[in-house]
*Asks:* 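Quick one: the structure is below, and I'll ask about it shortly.
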Amino acid sequence: MKQPLLINCYPIRVKKEQATIYYSESESDHLIKASKPRLTLEKGDRGKFIYWSPVNVENTEPSEINTSDHRSLFRDYLNEKLYSYCKGMGFVHKRSFLGGTEIWLPEQAGSDPGVYIYKVFNIRILSPKDQCATETGWTLLVSYGGKRKTVKKEAPQSLIKTFISSKEVLKVAKLKDSVLPDDIEVILNLKIAQALDIPWRYYKERNKYKANFSQISIFYDEHLKGKHIGDIIHVLEAGMAEVLESRVRRAPVETNVLEFKGSNTHFNAYIGLKENGPLASPNIDSYKFFFIFHEDSREQANKLYQYLNRGFKGYPGLKSFVDVNLSLDTDKTIKFSNFDRPSDEIIDGVRKKNFSENESYFAIYLSPISRDEMDEEKKADYYRVKNELLSKNIASQVIFRENIENPNFNFFLPNISIAILAKLGGRPWRLSRQVKDELIIGVGAYRQDNSKYLGTTFSFRNDGTFLGFDATECPDVQELGVFFKQTISSFVSEMSELKRVVVHFFKKMNSDEERQLTGVFSDLGLRVPYFVLNVTEGNGHEYLVIDDKYAGKMPRSGICVKLKTGEFLLCNNTRYKEHTGARIDEFPFPLKISVSKPSPRTITDEVIHDLIDQIYQFSRMYWRSVKQRAMPVTILYSEMIAKMAANLPDKAIPDTSIAKRTLWFL
């Protein structure tokens, strides 16, 4: 018998099946907006709204609701009761996005003077139809959102986004006339920390999965277990609910195997590469490397060349590890003297070189500026160099100069090597599965200031054969449709025998976005099935599946839990066995996958599991590191492309084959 999994839903008893709400058809700041048919149950009221409250408010009318006819409205009523209870208990609080309650519990004063730390929890009541993973009926979803810091110091008002006043978390944007009340706690962000000269520290849990489970359990025990909330909710003492075995799909252990050269396999990407070589060598017939470095960095450049050529500690060298010949063109070497702003000299150097059209070139840039540089001017300098190389159809590998002197640089070299191989058109590995020919489109997003950029990844196969990439600024839904049509049409025309189109979207699509996408498929005259899967990364604000018998609490990779029709949790990590002696690299939360309206409208469970397995396959093709990520690269790569587009000088990807057809952004 399989050991049951747990999920962070706690059983509750709803003590009454009827309740009274007070509503009006006129909008008011004190009332909650809802679709009118949810109350009247009349189809003719579609498109109309009511405004309601769980308590009697002036100019409202009473109406009886019950759990059977008004399920979703009754659930919202219970969540309002929960919110009032938390407010009455004196918790620092706010309403959460999905209608629940966010609670901020003070932990301790921070290590920096004037800094305070809060633990953030989200609680939300679910009806029996909101999730089918358990058989407990009404439940209370409890999740942990991590820690937030506040300061009572006076901060520049232009930088303040959120604050705490009178036990409530508020947004400046929602204040009338943006006038801040007196005696507030400002919620710390990076810009405020810099303005107040407060160190900005990131704390990373070794096992955030276990930490979240612990925090949720403690919060439930101390603040919820056995509590009676108003006269209608009783939080039972049963603890976390068990997941029904019928809602669990466990992928066989062997489905996690990676394939390398000669159809050899291994669970571990690094060992598999070192023992067998890459799945596919570079697809470019002739290529030359050249170095770009500061005039005082010749020693570091020589060290790097020796490491890549001959190896370093356990790293065997570029040729041995990923089958890439380090063929150097010393005539193309570019040296610069301006350490802080090198782009002008580098661009001038690139333009003066004679790059043969019959040769492919690859730049290794020893940058004094990190990719994650916070200084805006230095960051812009980094992207100017990237843009110039792309415009000349030159791929590049940027290596932060300081890392070369790191005594542990041998751990950097495998990641650098697989990125170089991928940028040259090679394929380090893939998940060992049958190769299928179909168009897979990834859509990812990146926000910068008030602008939103979308990136896309196109693949024809589930083995890492990428067709191309693109990105654009996309301010509204209408632009989304234009972008889809422009990008999809060019790739559809290249594929003579298209059998299926699958879209991996970075968030849950709303109805307008769905209409834009399905409209494009209709306009293109696609006569093949298409499916849209919305993939979001767990962030502690949603569901958490627990393996309580495992010390690390994280379920084995490949376990998929059905939450409700068309909605799933996929555990995607490096815990490949029930009992593992190997070190687990990361403890990511489950991916949440929802299937948007497909064509054809009805699909079988077998098709859905095949689509989810495809997401699993693309998550194993992250070729920026030997450590795998939970998200599929269709979305991760699209996010990277979108970020690049947002930061490149022209806010767009150069129209060259390297920029549009290779993994240059890794």
Side-chain angles (χ1 to χ4, degrees), residues 258 279 418-419 422-423 425 427-431 433 435-446 453-472 474 480 483-484 487-488 490-492 494-495 498-509 513 517 520-521 529-538 560 568 570 572 588 590-596 598 607-625 628-645 653 660-666:
L258 301 175
L279 179 71
I418 61 172
K423 291 173 184 180
R427 284 172 284 150
W429 61 77
R430 71 177 181 92
L431 206 61
R433 293 285 206 285
V435 177
K436 296 180 180 179
D437 291 344
E438 53 194 13
L439 181 61
I440 302 102
I441 304 167
V443 182
Y446 175 75
Y453 294 80
L454 290 184
T456 52
T457 298
F458 296 87
S459 179
F460 182 42
R461 291 179 174 176
N462 57 334
D463 65 348
T465 304
F466 293 101
L467 291 172
F469 311 89
D470 208 349
T472 189
C474 198
L480 178 66
F483 178 54
F484 277 147
T487 52
I488 294 173
S490 62
F491 290 101
V492 168
E494 294 183 24
M495 304 172 68
L498 187 61
K499 298 172 184 174
R500 184 168 79 171
V501 177
V502 181
V503 179
H504 296 165
F505 204 70
F506 69 98
K507 70 177 186 68
K508 189 162 186 176
M509 275 190 171
E513 291 165 339
L517 181 58
V520 168
F521 289 144
Y530 62 83
F531 305 92
V532 180
L533 278 76
N534 313 129
V535 188
T536 53
E537 204 161 15
C560 185
F568 304 85
L570 175 63
N572 194 2
L591 297 179
K592 188 175 181 181
I593 301 169
S594 56
V595 183
S596 288
V607 171
I608 289 178
H609 289 314
D610 179 58
L611 292 169
I612 292 174
D613 185 63
Q614 190 180 77
I615 287 174
Y616 200 61
Q617 292 170 55
F618 274 97
S619 74
R620 290 299 184 269
M621 285 182 270
Y622 182 66
W623 295 333
R624 191 177 168 187
S625 168
Q628 295 303 283
R629 294 283 298 275
M631 284 290 280
V633 296
T634 40
I635 292 178
L636 282 177
Y637 288 176
S638 298
E639 288 176 354
M640 292 179 192
I641 286 282
K643 182 179 180 180
M644 287 289 182
I653 306 298
K660 294 292 181 73
R661 297 274 174 160
T662 73
L663 295 163
W664 61 271
F665 48 84
L666 290 178

*Asks:* Going from OH on Tyr616 to CD1 on Ile593, what distance comes out if it is rounded to the nearest 0.5 angstrom?
*Replies:* 11.0 Å
*Asks:* Do Thr634 and Phe505 have side chains that approach each other closer than 4.5 Å (heavy atoms only, starting at C-beta)?
*Replies:* no
*Asks:* Would you check, one step at a time, whether the test side chain to side chain contact (heavy atoms under 4.5 Å, CB included) holds for Leu439 with Leu467?
*Replies:* CA-CA 9 Å; Leu439 181 61; Leu467 291 172; 4.1 Å; yes
*Asks:* Would Asp613 and Gln617 satisfy side chain to side chain donor-acceptor pair (under 3.5 Å), going step by step from the backbone distance to the final call?
*Replies:* CA-CA 6 Å; Asp613 185 63; Gln617 292 170 55; 2.8 Å; yes
*Asks:* Have a look at Ile440 and tell me which of Phe458, Phe460, Phe466, Phe618 forms a side-chain contact (heavy atoms from CB on, under 4.5 Å) with it.
*Replies:* Phe618
*Asks:* Taking only residues two or more places apart in sequence or in another chain, which ones pass side chain to side chain donor-acceptor pair (under 3.5 Å) with Thr662?
*Replies:* none
*Asks:* Return the CG to CD1 distance between Asn572 and Ile612, rounded to the nearest 0.5 Å.
*Replies:* 11.5 Å
*Asks:* Start with the C-alpha gap between Ile653 and Phe665, add the side-chain angles, then the distance that decides, and say whether side chain to side chain contact (heavy atoms under 4.5 Å, CB included) holds.
*Replies:* CA-CA 11 Å; Ile653 306 298; Phe665 48 84; over 6 Å; no
*Asks:* Measuring from Phe469:CZ to Arg661:CZ, what's the distance to the nearest 0.5 Å?
*Replies:* 10.0 Å
*Asks:* Could you tell me which residues satisfy side chain to side chain contact (heavy atoms under 4.5 Å, CB included) with Ser638, sequence neighbours excluded, listed by chain and number?
*Replies:* Thr457
*Asks:* Write out all pairs satisfying salt bridge (charged side-chain N to carboxylate O under 4.0 Å, His left out) with one or both partners inside residues 453-467, taking only residues at least two apart or from two chains.
*Replies:* Arg427-Asp463, Asp437-Arg461
*Asks:* Any chance you could measure Phe483, atom CZ, to Thr456, atom OG1, to the nearest 0.5 Å?
*Replies:* 4.0 Å
*Asks:* Can you tell if the side chain of Ile641 reaches within under 4.5 Å of the side chain of Tyr637, non-hydrogen atoms only?
*Replies:* no
*Asks:* Of all heavy-atom pairs between Ala445 and Ala642, which one has the smallest distance, and what is that distance?
*Replies:* C-CB, 4.3 Å
*Asks:* Name all residues meeting the side chain to side chain contact (heavy atoms under 4.5 Å, CB included) criterion together with Ala422; count only those two or more places apart in sequence or in a different chain, and write none if there are none.
*Replies:* Trp623, Leu663, Leu666
*Asks:* Flag the pair Phe484 / Ile441 as yes when at least one side-chain heavy-atom distance between them is below 4.5 Å, and no otherwise.
*Replies:* no
*Asks:* Distance from Lys508 atom NZ to Ser594 atom OG, nearest 0.5 Å?
*Replies:* 5.0 Å
*Asks:* Run the side chain to side chain contact (heavy atoms under 4.5 Å, CB included) check on Asn534 and Lys507 step by step: do they pass?
*Replies:* CA-CA 5 Å; Asn534 313 129; Lys507 70 177 186 68; over 6 Å; no
*Asks:* Which distance, rounded to the nearest 0.5 Å, do you find between the CG of Asn462 and the CZ of Arg433?
*Replies:* 9.0 Å
*Asks:* Leu591 vs Glu537, test: side chain to side chain contact (heavy atoms under 4.5 Å, CB included). Steps then yes/no.
*Replies:* CA-CA 5 Å; Leu591 297 179; Glu537 204 161 15; 4.2 Å; yes
*Asks:* Here's one to test your reading of the geometry: is the NZ or CZ of Arg624 within 45 degrees of the ring axis of Tyr622 and under 6.0 Å from its centre?
*Replies:* no
*Asks:* Whether the side chain of Arg430 engages the backbone of Leu258 through a donor-acceptor N/O pair (distance < 3.5 Å, no angle test) should be reported.
*Replies:* no
*Asks:* Using the side chain to side chain donor-acceptor pair (under 3.5 Å) criterion, which residues pair with Lys423? Sequence neighbours excluded.
*Replies:* Gln397
*Asks:* Among all residues two or more places apart in sequence or in another chain, which pass the side chain to side chain contact (heavy atoms under 4.5 Å, CB included) test with Lys592?
*Replies:* Thr536, Glu542, Tyr543, Leu563, Glu567, Leu569
*Asks:* Donor-acceptor pair, Ser619 side chain versus Met631 backbone, under 3.5 Å?
*Replies:* no
*Asks:* Would you say Asp610 and Arg500 make side-chain contact, with heavy atoms under 4.5 Å?
*Replies:* yes
*Asks:* Of all heavy-atom pairs between Lys499 and Pro529, which one has the smallest distance, and what is that distance?
*Replies:* O-CD, 3.5 Å
